Every structure is written in structure tokens, then in C-alpha cells.
Q: 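Would you mind keeping the following structure in view while I ask a few things?
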Protein chains: 2
Amino acid sequence: MKRTLENIKYKKNTEELALFAKALAHPTRIAILRHLENQTCCYTGDLVDVLPLAQSTISQHLKELKNAGLIQGELKPPKIKYCINQENWEKAKNLFVNFFEK
Amino acid sequence: MKRTLENIKYKKNTEELALFAKALAHPTRIAILRHLENQTCCYTGDLVDVLPLAQSTISQHLKELKNAGLIQGELKPPKIKYCINQENWEKAKNLFVNFFEK
DNA sequence: AAAACCTATCGTACATTTGCGATAAGGAAT
DNA sequence: ATTCCTTATCGCAAATGTACGATAGGTTTT
């Protein structure tokens with residue numbers, strides 16, 4: 001990305017869809033979300049056991065998913081419980097469905 | 001990305017979905033696809049007129065979309081006509097729908 | 001054959017992403 | 001208060017992504 005992109009104005013829907021797509025653009029994050037879909041919720045540690053990646057790497061992916069709004073974390077000391085953010089999940093779903101439909 | 005990722009094996013669906021998501025992970029490419037959805041097809045030059053980006057940049061985005069299988073190019077000398085690849089479009093649509101549909 | 005047109009590719013610059021180990025930060029348990 | 005457990009963050013290295021101008025390649029037209 002370079003200077004020009006800063007200035008380009010896309011429609012809101014286009015930017016939102018691109019951001020959600022970016023969050024899904026890595027197999028590890030898809031795997032995390034699939035796991036969350038099955039379990040409803042899970043802890044970071046669960047994922048570290050399941051995925052062959054360093055704890056710090058997984059934490060980073062979780063952060064990106066959280067930034068994208070697709071998941072949310074809840075403090076359950078000493079752990080953190082991650083769940084899918086249903087509201088934004090629906091929003092993303094609708095954006096993708098509308099995009100492909102037509 | 002570094003050494004480790006090469007070795008990680010994800011499920012086929014997971015990798016495919018991530019690749020499609022990656023193709024959609026930039027607003028310019030979403031805009032190109034929306035344009036193609038409306039016009040059914042279009043030429044590279046049409047996009048250069050519509051998007052505030054260099055011709056080479058747009059060509060590059062088209063290449064990525066083609067690599068992802070979402071579009072296809074047909075020679076209509078001296079132009080090239082790009083259309084959505086319906087088969088893969090459906091495939092991507094199904095992957096996303098199934099993914100979100102819990 | 002030359003000129004004109006359209007598009008792809010090359011080379012470069014810079015930003016972002018991905019991964020890791022090491023370390024910090026927080027509460028829980030001893 | 002110290003130790004333990006869990007997770008986030010930092011700092012680094014390597015790979016990828018994004019953008020541009022310049023150039024090459026291929027067809028059509030003159």
C-alpha cells in the first residue's frame with residue numbers, strides 16, 4: 001500500500017466487506033472461527049493445544065479477529081473466554097451474502 | 001509468514017475459503033467485482049476510467065482475481081474482456097454461506 | 001512497415017503481515 | 001509476598017502486498 005490509497009474513497013459497504021474479508025484471509029483465523037462456531041466459546045489455551053503455532057502467534061490472530069469485530073473476549077480469570085460476536089457475525093454474513101447474490 | 005506455515009496442514013475447505021477471502025481483502029478488488037456483477041463483463045480500460053489508480057495497478061488486481069479463479073479473461077482484440085467465472089463464483093459463495101451459517 | 005492502441009509485466013519503493021522467542025502484565029493460589 | 005498460570009505485547013526477521021512509472025508484447029489500422 002502506498003500514498004495514493006489513503007485518498008481513495010470507496011463506498012462504505014465496500015470497505016467493510018474488504019475488512020471482514022481481510023480478517024478471514026488466513027487459514028489459521030478460519031480455523032479459529034470454525035472452532036469457536038463448534039464450541040460456542042473457547043480459551044486461548046485451547047487453541048494453542050489445537051494449532052501448531054506459538055502462543056504469541058495465536059494471540060496475535062485473536063487480536064486481529066477482535067479488531068475486525070468478529071469475536072469478543074471475556075475475562076474469566078485467570079483465562080480469557082473468546083466467543084463469536086453475534087451481531088457483527090450477522091453483519092459480515094449479510095455483507096458476503098448480498099455481495100455474492102446477484 | 002515464515003517457515004512454519006509451510007508445514008501446517010489445514011482442511012481443504014479452510015484453505016480454499018482463506019484464498020477466496022484473500023482475493024476479496026482489498027476494496028479495489030471488491031469494487032472491480034461489483035462492477036463486473038453489474039456489467040456482466042468489462043474491459044480493463046473501463047476500470048481504469050472508473051478507478052483512480054494506475055493502469056498497471058489495476059492490471060495487477062485483475063491478475064489476482066484471475067489467479068483466485070473469480071474472474072476470467074477473454075481476448076477480444078485489441079481488448080480483453082473480463083467476466084466473472086460463474087462456476088468458481090458459486091463455489092466461493094457456497095463456502096462463505098456454509099461458513100457463516102454456523 | 002510504421003503508428004496507434006490496449007494490456008501485461010518488470011523493477012522499485014514502501015507498508016503490512018506473519019511468525020517466533022522473550023518479556024511483561026494480570027489475577028489466583030500457596 | 002511470592003509463586004504460578006494464562007495471555008498480551010515487544011522486538012525482530014522474513015515474506016507478501018500495494019502502488020507507481022517505464023517498458024514490452026500483441027493486434028489493428030494506417
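Letters go in sequence order (proteins before strands), and every chain restarts at 1. If you're wondering where the values come from, they're calculated on a predicted model, not measured in any experiment.
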Q: Select one nucleotide: of dC20(C), dC20(D), dA8(D), the one nearest the side-chain heavy atoms of L53(A).
A: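 Shortest atom-to-atom distance from the side chain points to dC20(C).
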Q: Rounded to the Å, how far apart are Q55(B) CD and dC5(C) C1'?
A: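 Those two atoms, CD and C1', are 11 Å apart.
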Q: Salt bridge between K22(B) and E64(B), side-chain N to carboxylate O under 4.0 Å?
A: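 No, K22(B) and E64(B) are not salt-bridged.
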Q: Reading DNA chain C from 5' onward, which residue's closest nucleotide shows up sooner: E64(A) or S56(A)?
A: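 Comparing both residues, the 5'-ward one is E64(A).
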Q: Mind telling me whether H61(B) and H26(B) have parallel, tilted or perpendicular rings, with 30° and 60° as the class edges?
A: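 Rings of H26(B) and H61(B): tilted, as their planes differ by 30° to 60°.
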Q: In whole angstroms, how far is the P atom of dT7(C) from the NZ atom of K66(B)?
A: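 One finds 12 Å between P of dT7(C) and NZ of K66(B), rounded.
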Q: Write down the distance between NZ (K63(B)) and C1' (dC6(C)), rounded to a whole number of angstrom.
A: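 Value for this atom pair: 17 Å.
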Q: Can you check the I80(B) CD1 to dC5(C) P distance for me, whole Å?
A: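 The answer, rounded to whole Å, is 18 Å.
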Q: Quick one: label T44(A) by what it contacts on the DNA or RNA (base, sugar-phosphate, nothing), any heavy atom closer than 4.0 Å.
A: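 Sugar-phosphate: the residue T44(A), judged by heavy atoms under 4.0 Å, touches backbone atoms but no base.
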Q: Do W89(A) and F99(B) have ring centres separated by under 6.0 Å?
A: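 Yes.
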Q: Below 4.0 angstrom, N of the basic side chain to O of the carboxylate: do K12(B) and E16(B) qualify?
A: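 A salt bridge links K12(B) with E16(B).
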Q: When the distance from CG of L62(A) to C1' of dT18(C) is rounded to whole Å, what number comes out?
A: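 From L62(A) CG to dT18(C) C1': 14 Å.
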Q: Which nucleotide sits closest to the side chain of Y82(A): dA8(C), dG19(C), dT7(D)?
A: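 That would be dT7(D).
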Q: Indicate whether OP1 or OP2 belonging to dG19(C) is found under 4.0 Å from a side-chain N or O atom of T57(A).
A: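 No, no such contact exists.
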Q: Cation over ring, K79(A) on Y43(A), under 6.0 Å and within 45°?
A: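 Yes, K79(A) lies over the aromatic ring of Y43(A).
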Q: Below the 4.0 Å mark, does dT17(C) have OP1 or OP2 next to a side-chain nitrogen or oxygen of H61(A)?
A: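 So the side chain of H61(A) is outside the cut-off, no N or O lying under 4.0 Å from OP1 or OP2 of dT17(C).
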Q: Once you round it to whole Å, what is the distance between C1' of dC20(C) and CG of L51(A)?
A: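 So the CG-C1' distance, L51(A) to dC20(C), works out to 16 Å.
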Q: Please report the distance, rounded to the nearest Å, between CD in Q60(A) and C1' in dT9(D).
A: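 Rounded to the whole Å, the gap is 9 Å.
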Q: Side chain of H26(B), heavy atoms from C-beta onward: which of dT7(C), dA19(D), dT7(D) has the nearest atom to it?
A: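 Side chain of H26(B) sits closest to dA19(D).
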Q: Please pick, from dG21(C), dT17(C), dT16(D), the nucleotide with the shortest atom-to-atom distance to any side-chain atom of K22(B).
A: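 Closest nucleotide to the K22(B) side chain: dT16(D).
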Q: Using whole Å, report how far CG of N67(A) lies from P of dT18(C).
A: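 Rounded to the whole Å, the gap is 13 Å.
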